[in-house]
Peer 1: 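If you scroll down you'll find the structure; I have some questions about it.
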Amino acid sequence: MRLFYALLFPEHTLRELTSIQNAINPYLYKGNATRKENLHLTLAFLGEQDEKLLPLLSSILDALPGKEIEVTFNHLGVFPKKGGDIIYTGIAYHQRLFQVQKTLIALLQEYHVVFKDTRFKAHVTLFRRAQYEEIPSFTPCISRASSIALMQSHRVRGILTYSPIYSKILQ
């Protein structure tokens, strides 16, 4: 199973992110927009994991703080990629968000979960394989994350789908 932990957002935030995509779209020669249902902030990408680890991975999620996390989407950025870039909206530094992510990584390491620990860059991917001349600016917006989830990345009828396996509501 291809797994990751993600911060998920309420419907009104997903609509706001979709409107940002709509504002960027006229500037693209080509690019694949992230489907609204798949918009999220990855806290840790686990890659391929054995299904037997699901109870452990769920318990790690339970061990994370459950306080609400407010994020500010404050800029657009690009990860250069051969064949087309990734366009994302970046998140302003927020101590609670970075502490939750740091705690998650520490727990994964403590329980010897094998994954690639990369430098955390808080963002939501808006487009993949994008080609453009310029990226417009946008007005920053604030949201509260609704939950943290253990997610599965898989294809459903040929469509890339991110499905929550286990989640924790943030209050």
Side-chain angles (χ1 to χ4, degrees), residues 1-49 68-102 104-105 108 115-165 167 170:
M1 300 180 79
R2 191 173 170 88
L3 303 174
F4 61 96
Y5 288 98
L7 202 59
L8 302 180
F9 300 99
E11 180 64 28
H12 67 87
T13 301
L14 299 179
R15 284 193 304 270
E16 182 73 30
L17 292 170
T18 301
S19 73
I20 294 169
Q21 287 175 314
N22 292 338
I24 295 170
N25 204 40
Y27 291 84
L28 302 181
Y29 302 128
K30 79 175 213 180
N32 299 332
T34 302
R35 292 182 326 122
K36 182 174 93 167
E37 302 80 16
N38 284 352
L39 292 166
H40 69 280
L41 187 154
T42 300
L43 295 170
F45 181 73
L46 304 179
E48 290 296 327
Q49 298 290 331
E68 186 174 74
I69 299 173
E70 183 177 275
V71 297
T72 301
F73 301 101
N74 69 344
H75 67 282
L76 294 174
V78 171
F79 296 128
K81 297 281 184 183
K82 188 176 180 177
D85 297 342
I86 291 174
I87 299 174
Y88 65 86
T89 179
I91 311 292
Y93 177 81
H94 186 280
Q95 186 174 355
R96 185 173 300 130
L97 169 62
F98 282 79
Q99 188 57 50
V100 165
Q101 195 274 341
K102 186 176 174 182
L104 173 59
I105 297 302
L108 290 167
F115 71 103
K116 188 175 180 182
D117 183 16
T118 57
R119 187 175 77 81
F120 180 57
K121 181 157 179 85
H123 72 281
V124 174
T125 297
L126 300 174
F127 290 91
R128 287 185 170 75
R129 291 182 275 294
Q131 294 180 357
Y132 50 89
E133 191 150 326
E134 66 175 302
I135 302 288
S137 60
F138 79 105
T139 303
C141 57
I142 297 171
S143 178
R144 286 176 166 53
S146 56
S147 63
I148 299 175
L150 175 62
M151 306 286 287
Q152 180 182 12
S153 173
H154 57 122
R155 294 212 170 257
V156 176
R157 293 189 281 293
I159 297 171
L160 180 62
T161 304
Y162 301 148
S163 303
I165 293 173
S167 62
L170 300 175

Peer 1: In a table with atom names and distances, give each donor-acceptor pair under 3.5 Å that connects a side chain of residues 134-145 to protein atoms at least two apart or in another chain.
Peer 2:
unit_1 : atom_1 : unit_2 : atom_2 : d
Ser143 : OG     : Thr13  : OG1    : 2.4
Arg144 : NE     : Glu68  : OE1    : 2.6
Arg144 : NH1    : Glu70  : OE1    : 2.7
Arg144 : NH2    : Glu70  : OE1    : 3.4

Peer 1: Taking distance alone, no hydrogens or angles, what donor-acceptor pairs closer than 3.5 Å link side-chain atoms of residues 20-32 to residues at least two apart or in another chain?
Peer 2:
unit_1 : atom_1 : unit_2 : atom_2 : d
Gln21  : NE2    : Thr34  : O      : 3.0
Gln21  : NE2    : Leu126 : O      : 2.8
Asn22  : ND2    : Thr18  : O      : 3.4
Tyr29  : OH     : Glu133 : OE1    : 2.7

Peer 1: Distance from Leu170 atom CG to Arg96 atom CZ, nearest 0.5 Å?
Peer 2: 9.5 Å

Peer 1: Looking at NE2 of His12 and OG of Ser146, how far apart are the two atoms once the value is rounded to the nearest 0.5 Å?
Peer 2: 8.5 Å

Peer 1: What salt bridge (charged side-chain N to carboxylate O under 4.0 Å, His left out) pairs are there with at least one residue in residues 17-29, not counting sequence neighbours?
Peer 2: none

Peer 1: Distance-only check: which donor-acceptor pairs under 3.5 Å involve side-chain atoms of residues 155-163, not counting sequence neighbours?
Peer 2:
unit_1 : atom_1 : unit_2 : atom_2 : d
Arg155 : NH1    : Gly158 : O      : 3.1
Thr161 : OG1    : Ile159 : O      : 2.9
Ser163 : OG     : His154 : NE2    : 2.7

Peer 1: Compare every heavy atom of Ile87 with every heavy atom of Ala130, then report the nearest pair and how far apart it is.
Peer 2: CB-CD1, 3.6 Å

Peer 1: For the atom pair CG (Asp117) and CD1 (Ile105), what is the distance rounded to the nearest 0.5 Å?
Peer 2: 4.5 Å

Peer 1: To the nearest 0.5 angstrom, please state how far the CD1 atom of Ile165 sits from the CE atom of Met151.
Peer 2: 8.5 Å

Peer 1: Does Lys36, at its NZ atom, have more than 12 non-hydrogen atoms belonging to other residues, nucleotides or ligands within less than 6.0 Å?
Peer 2: yes

Peer 1: Rounded at 0.5 Å granularity, tell me how far NZ in Lys102 sits from CZ in Phe120.
Peer 2: 13.0 Å

Peer 1: So, using side-chain contact (heavy atoms from CB on, under 4.5 Å) as the criterion, who are the partners of Arg2 when residues are at least two apart?
Peer 2: Phe45, Glu48, Ser153

Peer 1: Could you give the distance from CG (Leu150) to OH (Tyr5), rounded to the nearest 0.5 Å?
Peer 2: 5.0 Å

Peer 1: Sequence neighbours excluded and cut-off under 3.5 Å, please list the side-chain donor-acceptor pairs for residues 76-86, or say none.
Peer 2:
unit_1 : atom_1 : unit_2 : atom_2 : d
Asp85  : OD1    : Lys81  : N      : 3.0
Asp85  : OD2    : Tyr132 : OH     : 2.7

Peer 1: Grab the two heavy atoms, one from Lys121 and one from Tyr88, that are nearest each other, plus how far apart they are.
Peer 2: CE-OH, 2.9 Å

Peer 1: Between Ile148 and Leu104, is a side chain to side chain contact (heavy atoms under 4.5 Å, CB included) present by the stated rule, with each step listed?
Peer 2: CA-CA 11 Å; Ile148 299 175; Leu104 173 59; 6.0 Å; no

Peer 1: Working note: Val124 + Leu7, criterion side chain to side chain contact (heavy atoms under 4.5 Å, CB included); need CA distance, chi angles, decisive distance, verdict.
Peer 2: CA-CA 10 Å; Val124 174; Leu7 202 59; over 6 Å; no

